[in-house]
Amino acid sequence: MATRGSVKQGLPDEVAAYVREQILSGEFRPGMFLRLEPIAEAVGVSNTPVREGLLTLRSEGFVELVPRRGFMVASFSPEDVRDIFWAQSKIAGELAARAAKQISPEQIAKLEELTAEFKRAVKARDKDRIADLGSEFHAVINRAAGSRRLALILQTVVSQLPSSFYATIDGQVAATHSEHPQIVEAMKKRSVRTARALMEAHILGSADHLIETLNGRGLWDTEQSA
């Protein structure tokens, strides 16, 4: 599951996050032209930060700027989605391995608490709480690694991933429900290799769940038939 930092976003960043999520959730389809006004209304900003946010997404390859027509959602493939998650899995796996060496008893207790709360949120079907708890779980591990620079690099990669709709992806919640406790056990045993392997598999599994969901929504069928 993707994790977010605690730094307050600027308005263009909020726009970029909103549009990025709409693209990766399949709401904004490849080839679709993006009008500034509806996006500004959805995010609650003026047109200026919308344009700045879309320029950020252009640099990331999510949108294209077509002369005299405006911003258009760029094509992307299942492999593009896997590449983003692959990069995240490698960095998150390294952070998990480092955390396993030095995580404190208090941090392990926090992970156990978050795992228990996650179980309760799943039972209550509280999607917002599920997403928040998943993000906090990963944040605790990243802090325990004590590698600020690597965590910042991970945050840059994660910024390209959707977050709030994770709780709606088929299979993702069930996978997290079973995999987070396994990661906690690896931390308790100080098993560096196991922690790395479990974290990498957990993140890559998120890619598979997202791709399966987007396939189910006919995203790439629509693109191919256009």
Side-chain angles (χ1 to χ4, degrees), residues 1-7 81-213:
M1 184 174 290
T3 57
R4 296 291 183 197
S6 60
V7 178
V81 176
R82 286 195 181 91
D83 285 346
I84 298 173
F85 279 91
W86 176 86
Q88 185 194 358
S89 74
K90 292 301 179 183
I91 302 172
E94 176 62 23
L95 287 168
R98 296 184 186 186
K101 295 179 181 178
Q102 60 188 27
I103 191 167
S104 69
E106 292 78 15
Q107 287 169 323
I108 290 177
K110 181 62 176 179
L111 291 177
E112 292 178 324
E113 175 187 335
L114 290 169
T115 300
E117 289 186 24
F118 187 91
K119 183 177 180 179
R120 290 192 289 271
V122 170
K123 186 175 181 180
R125 298 182 180 180
D126 186 342
K127 294 177 181 179
D128 290 338
R129 186 63 175 153
I130 288 170
D132 290 343
L133 289 168
S135 294
E136 179 60 19
F137 180 91
H138 288 273
V140 171
I141 292 175
N142 295 342
R143 289 194 294 268
S147 304
R148 180 175 177 274
R149 182 60 57 185
L150 195 58
L152 288 172
I153 294 173
L154 176 61
Q155 185 175 327
T156 300
V157 175
V158 169
S159 70
Q160 298 191 35
L161 300 170
S163 60
S164 64
F165 70 93
Y166 265 61
T168 70
I169 297 177
D170 294 338
Q172 178 61 42
V173 173
T176 300
H177 190 277
S178 63
E179 292 166 4
H180 277 192
Q182 296 173 19
I183 294 171
V184 175
E185 284 303 309
M187 294 288 163
K188 292 168 70 174
K189 295 177 180 178
R190 309 288 180 181
S191 179
V192 172
R193 289 186 178 181
T194 302
R196 184 196 304 276
L198 287 173
M199 184 61 76
E200 288 187 4
H202 176 57
I203 300 298
L204 290 174
S206 299
D208 292 336
H209 293 309
L210 176 56
I211 290 168
E212 183 179 354
T213 296

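In what follows, every heavy atom counts, from backbone to side chain, and hydrogens, waters and symmetry copies are set aside.
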**OP:** Might you work through the side chain to side chain donor-acceptor pair (under 3.5 Å) test for S104 and Q107, ending with a clear yes or no?
**Re:** CA-CA 5 Å; S104 69; Q107 287 169 323; 3.2 Å; yes
Original post:
Once you round to the nearest 0.5 Å, how far does CE of M187 lie from OG1 of T194?
Top reply: 10.5 Å
Original post:
Is the closest basic N to carboxylate O distance between E94 and R98 below 4.0 Å?
Top reply: yes
Original post:
Using 30° and 60° as the class limits, which term best fits the ring planes of H202 and H180: parallel, tilted or perpendicular?
Top reply: perpendicular
**OP:** Might you point out which heavy atoms bring L210 and F85 nearest each other, and give the distance in Å?
**Re:** CD2-CE1, 3.8 Å
Original post:
Is there a donor-acceptor contact under 3.5 Å from the side chain of S159 to the main chain of T156?
Top reply: yes
Original post:
Taking atom CD of E113 and atom CG of L133, what is their separation to the nearest 0.5 Å?
Top reply: 9.5 Å
Original post:
Within the side chain of R143, is there an N or O that forms a donor-acceptor pair under 3.5 Å with the backbone of H138?
Top reply: no
Subject >> Side chains of I103 and L111 in contact at under 4.5 Å (non-hydrogen atoms) >> reply: yes
Original post:
To the nearest 0.5 Å, how far apart are NE2 in H209 and CD in E212?
Top reply: 7.5 Å
Original post:
If you measure from CE on M199 to CG on N142, what distance do you get to the nearest 0.5 Å?
Top reply: 7.0 Å
**OP:** Check R129 against A121 and note the closest heavy-atom contact, atom names and distance.
**Re:** CG-CB, 3.8 Å
Original post:
At their closest point, which heavy atom of L154 faces which heavy atom of A92, and how far apart are they?
Top reply: CD1-N, 4.2 Å
Original post:
Roughly how far, to the nearest 0.5 Å, is CD of Q182 from OG1 of T115?
Top reply: 11.0 Å
Original post:
What's the spacing between I130 CD1 and R125 CZ if we round to 0.5 Å?
Top reply: 10.0 Å
**OP:** Report yes if the side chains of K123 and K119 come closer than 4.5 Å at any heavy-atom pair, otherwise no.
**Re:** no
Subject >> V184 side chain reached by E112 side chain, heavy atoms, under 4.5 Å >> reply: yes
Original post:
Closest approach of V157 and Q88, non-hydrogen atoms and distance?
Top reply: CG1-N, 3.9 Å
Original post:
Should E136 and K110 count as an ion pair when the cut-off is N to O under 4.0 Å?
Top reply: no
Subject >> Beyond-backbone contact of E179 with L198, side-chain heavy atoms, under 4.5 angstrom >> reply: no
Original post:
Q102 side chain to A145 main-chain N or O, any donor-acceptor pair under 3.5 Å?
Top reply: yes
**OP:** Grab the two heavy atoms, one from I141 and one from A99, that are nearest each other, plus how far apart they are.
**Re:** O-CB, 3.5 Å
Original post:
Is any side-chain heavy atom of R190 less than 4.5 Å from a side-chain heavy atom of K101?
Top reply: no
Original post:
Would F137 and T176 count as a side chain to side chain contact (heavy atoms under 4.5 Å, CB included) if you check the C-alpha gap in whole Å, the side-chain angles of each, and the deciding distance to 0.1 Å?
Top reply: CA-CA 11 Å; F137 180 91; T176 300; over 6 Å; no
Subject >> Where V192 and A100 come nearest, the two heavy atoms and their spacing >> reply: CA-CB, 4.1 Å
**OP:** Indicate yes or no: at least one non-hydrogen side-chain atom of R149 is less than 4.5 angstrom from one of L152.
**Re:** yes
